[in-house]
Amino acid sequence: MPRMSAKERREELIEAAIRVMVREGVTKATTRAIVAEAGMTLGVFHYCFTSREELLQEVTRRITDRAVVAAREAFAHERDISASITKSLRAFWEYVERNPGEQLVGYELAQYALRQEGLQELARRQYAHYLEVHVEILEEAADAADIEWTVPVPVLARYLNSVLDGLTSCWLGDRDSARSQEVLRLTGEHLLGLTRERKPSTD
C-alpha cells in the first residue's frame with residue numbers, strides 16, 4: 001500500500017466511518033469496526049483523532065457539507081433569486097434522494113449523542129453547523145441577487161433547516177418523492193415572498 005500522509009489517513013478513516021454507519025448503523029460503528037473498514041490499526045486511529053467523538057463530529061460535518069455543496073453552487077452562480085431558490089432546493093433534494101443512507105446516519109448521530117452521557121455537546125454542535133451553513137447560503141444568495149431578506153437571516157436559517165430536516169425525515173419513512181417535491185416548491189414560493197430589493201447603502 002502506498003505511504004499515506006496523516007491527512008490522507010484521517011480522510012480515509014472518516015469515509016470508512018461513514019460506510020460502516022450507512023451499512024450497519026451508528027451504534028455498530030466502533031473504533032475497531034472503523035479501522036477494520038479502513039484497513040488500518042487502532043494506533044493509526046489514535047494518531048489521527050484524539051477520540052471517537054472527534055471522528056463523529058467530522059462525520060457530521062462531512063455529511064452536512066456534501067448535502068449543501070450543490071445548493072451553494074446554485075446560489076453562487078445565479079443572479080435571479082427565484083431561479084436561485086428553485087435550483088438550490090432541487091440540488092439539495094437530488095442529493096438527499098441519491099444518498100438516503102447518509103441522511104439516516106445524520107439523524108442517528110444526533111439521537112445517539114443526545115442519549116449518551118458526555119456526548120450531548122456533539123448533537124448541539126451538529127445542529128449549530130447545520131444552521132451556520134444555512135446562514136451562509138442565504139447570505140450568499142442575497143449578495144448574488146442583490147436583494148435582502150425581510151426577516152433576520154438566523155431566523156430564516158432555522159426555518160429553512162426545520163423544513164428540510166422534517167421533509168427529509170418524512171421522505172425516509174415513506175419515500176414519496178412527488179409530494180416531497182411539492183413541499184419544496186411551496187418552500188421556494190415562501191422564501192421568494194420574504195425578499196425585497198436591497199436598500200442603497202447610506203455610508
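Numbers here are sequence positions counted from 1.
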message: Just so I know, are the side chains of Pro100 and Arg175 near enough to count as touching, which here means a heavy-atom distance under 4.5 Å?
response: yes
message: Between Tyr130 and Asp165, is there a side-chain donor-acceptor contact under 3.5 Å, judged purely by atom types and distance?
response: no
message: Under 4.5 Å between side-chain heavy atoms, counting indirect links through other Ile/Leu/Val/Met/Phe/Trp/Tyr residues: same cluster for Leu172 and Leu89 or not?
response: yes
Joint cluster assignment, Val155 & Ile137, ILVMFWY side-chain distance < 4.5 Å: no
- prompt: With no hydrogens and no angle check, is any side-chain donor or acceptor of Thr86 less than 3.5 Å from a backbone partner on Ala83?
  reply: no
field: Close side-chain approach of Trp93 to Thr168, heavy-atom, < 4.5 Å
entry: yes
message: Other residues, nucleotides and ligands only: do more than 12 of their heavy atoms fall within 6.0 Å of CZ on Arg23?
response: yes
field: Over 12 foreign heavy atoms within 6.0 Å of OH, Tyr47
entry: no
- request: To the nearest 0.5 angstrom, please state how far the CG atom of Leu119 sits from the CZ atom of Arg124.
  value: 13.5 Å
task: Any chance you could lay out the side-chain contact (heavy atoms from CB on, under 4.5 Å) test for Thr41 and Val35, step after step, and finish with the verdict?
output: CA-CA 6 Å; Thr41 65; Val35 296; over 6 Å; no
- prompt: Quick one: do the Glu97 and Ser177 side chains pair a donor with an acceptor below 3.5 Å?
  reply: yes
message: Does atom CZ (Arg98) have a neighbourhood of more than 12 heavy atoms from anything else shown, all under 6.0 Å?
response: yes
- prompt: In the single-linkage hydrophobic clustering (I, L, V, M, F, W, Y; side-chain heavy atoms under 4.5 Å), do Val20 and Val59 co-cluster?
  reply: no
message: Looking at Arg179, is its backbone amide N or carbonyl O close enough to the side chain of Asp176 to form a donor-acceptor pair, meaning the two atoms are under 3.5 Å apart?
response: yes
field: Shared hydrophobic cluster for Val183 and Leu194 (ILVMFWY, side-chain gaps under 4.5 Å)
entry: yes
query: Do Asp146 and Ile81 come close enough that some side-chain heavy atom pair is under 4.5 Å?
result: no
task: Indicate yes or no: does Glu102 engage Arg62 in a salt bridge with an N to O separation below 4.0 Å.
output: no
Considering all heavy atoms, the nearest Ile18-Arg66 contact: CD1-NH1, 3.9 Å
- request: List the atom of Ala123, the atom of Ala110, and the distance in Å for their closest heavy-atom pair.
  value: CB-O, 3.9 Å
field: Spatial distance of atom OG (Ser88) from atom CG (Leu160) [nearest 0.5 Å]
entry: 8.0 Å
query: Do Tyr159 and His190 make the cut of ring centroids closer than 6.0 angstrom?
result: yes
task: Provide the closest heavy-atom pair for Val135 versus Pro154 in the form atom of the first, atom of the second, distance.
output: CG2-CA, 4.2 Å
query: Given side chains that start at C-beta, do those of Leu42 and Arg32 come closer than 4.5 Å, heavy atoms only?
result: yes
query: How far apart are the closest heavy atoms of Trp149 and Ala142, and which atoms are they?
result: NE1-CB, 3.8 Å
message: Can you tell me how far apart CG (Leu104) and CG (Leu109) are? Round to the nearest 0.5 Å.
response: 10.0 Å
- request: Begin with the C-alpha distance, continue with both residues' side-chain angles, and end with the deciding distance and a verdict on salt bridge (Lys or Arg N to Asp or Glu O under 4.0 Å) for Glu189 and Arg185.
  value: CA-CA 6 Å; Glu189 290 178 358; Arg185 181 183 61 77; 2.7 Å; yes
task: Of all the heavy-atom pairs spanning Thr60 and Gln126, show the shortest one and how long it is.
output: CG2-CG, 3.1 Å
Note, Phe49 side chain near Ile14 side chain (heavy atom, < 4.5 Å): yes
query: Would you say Leu191 and Thr195 make side-chain contact, with heavy atoms under 4.5 Å?
result: no
task: Kindly determine whether Glu121 and Gln57 satisfy side-chain contact (heavy atoms from CB on, under 4.5 Å), including the steps that lead there.
output: CA-CA 10 Å; Glu121 180 64 13; Gln57 182 66 28; over 6 Å; no
message: Using side-chain contact (heavy atoms from CB on, under 4.5 Å), reason through Met40 and Leu13 one step at a time and then give a plain yes or no.
response: CA-CA 9 Å; Met40 298 181 191; Leu13 284 166; 3.9 Å; yes
task: Ignoring hydrogens and angles, tell me if any N or O in the side chain of Arg198 forms a donor-acceptor pair with the backbone of Glu148 under 3.5 Å.
output: no
task: Treating Ile, Leu, Val, Met, Phe, Trp and Tyr as nodes and any side-chain heavy-atom pair under 4.5 angstrom as an edge, say whether Leu186 and Val151 lie in one connected cluster.
output: no
field: Where Gly118 and Glu53 come nearest, the two heavy atoms and their spacing
entry: O-OE1, 4.3 Å
- request: Assess whether atom CZ of Arg19 is packed by more than 12 heavy atoms of other residues, nucleotides or ligands within 6.0 Å.
  value: yes
query: Considering residues, nucleotides and ligands other than Arg115, do more than 12 of their heavy atoms fall under 6.0 Å from its CZ?
result: no
message: Strictly distance-based, threshold 3.5 Å: is any side-chain N or O of Glu12 a donor or acceptor partner for the main-chain N or O of Arg10?
response: no
query: How long is the span from the CD atom in Glu58 to the CG atom in Asp65, to the nearest 0.5 Å?
result: 9.5 Å
query: If only atom types and distance count, is the side chain of Glu139 paired as donor or acceptor with the main-chain N or O of His134 below 3.5 Å?
result: no
message: Any donor-acceptor pair under 3.5 Å linking the side-chain atoms of Gln111 with those of Tyr107?
response: no
- request: Before giving the answer on ring pair (Phe, Tyr, Trp, His ring centres under 6.0 Å), spell out for Tyr95 and Phe92 the whole-Å C-alpha distance, their side-chain angles and the decisive distance to 0.1 Å.
  value: CA-CA 5 Å; Tyr95 185 86; Phe92 168 82; 8.1 Å; no
- prompt: How many angstroms lie between atom CZ of Phe45 and atom CD of Glu54, to the nearest 0.5 angstrom?
  reply: 8.0 Å
query: Below 4.5 Å, heavy atoms only, C-beta onward: do Leu56 and Met21 meet side chain to side chain?
result: yes
Spacing of Glu132 atom CD and Asn161 atom CG [to the nearest 0.5 Å]: 11.5 Å
- prompt: If we only count heavy atoms from C-beta on, is the Leu122 to Arg125 side-chain gap below 4.5 Å?
  reply: yes
- prompt: So Leu55 and Ile34, side-chain contact (heavy atoms from CB on, under 4.5 Å) or not? Walk me through it.
  reply: CA-CA 10 Å; Leu55 172 63; Ile34 293 167; 3.5 Å; yes
- request: May I ask you to decide if Ala141's main-chain N or O and Ser84's side chain share a donor-acceptor pair within less than 3.5 Å?
  value: no
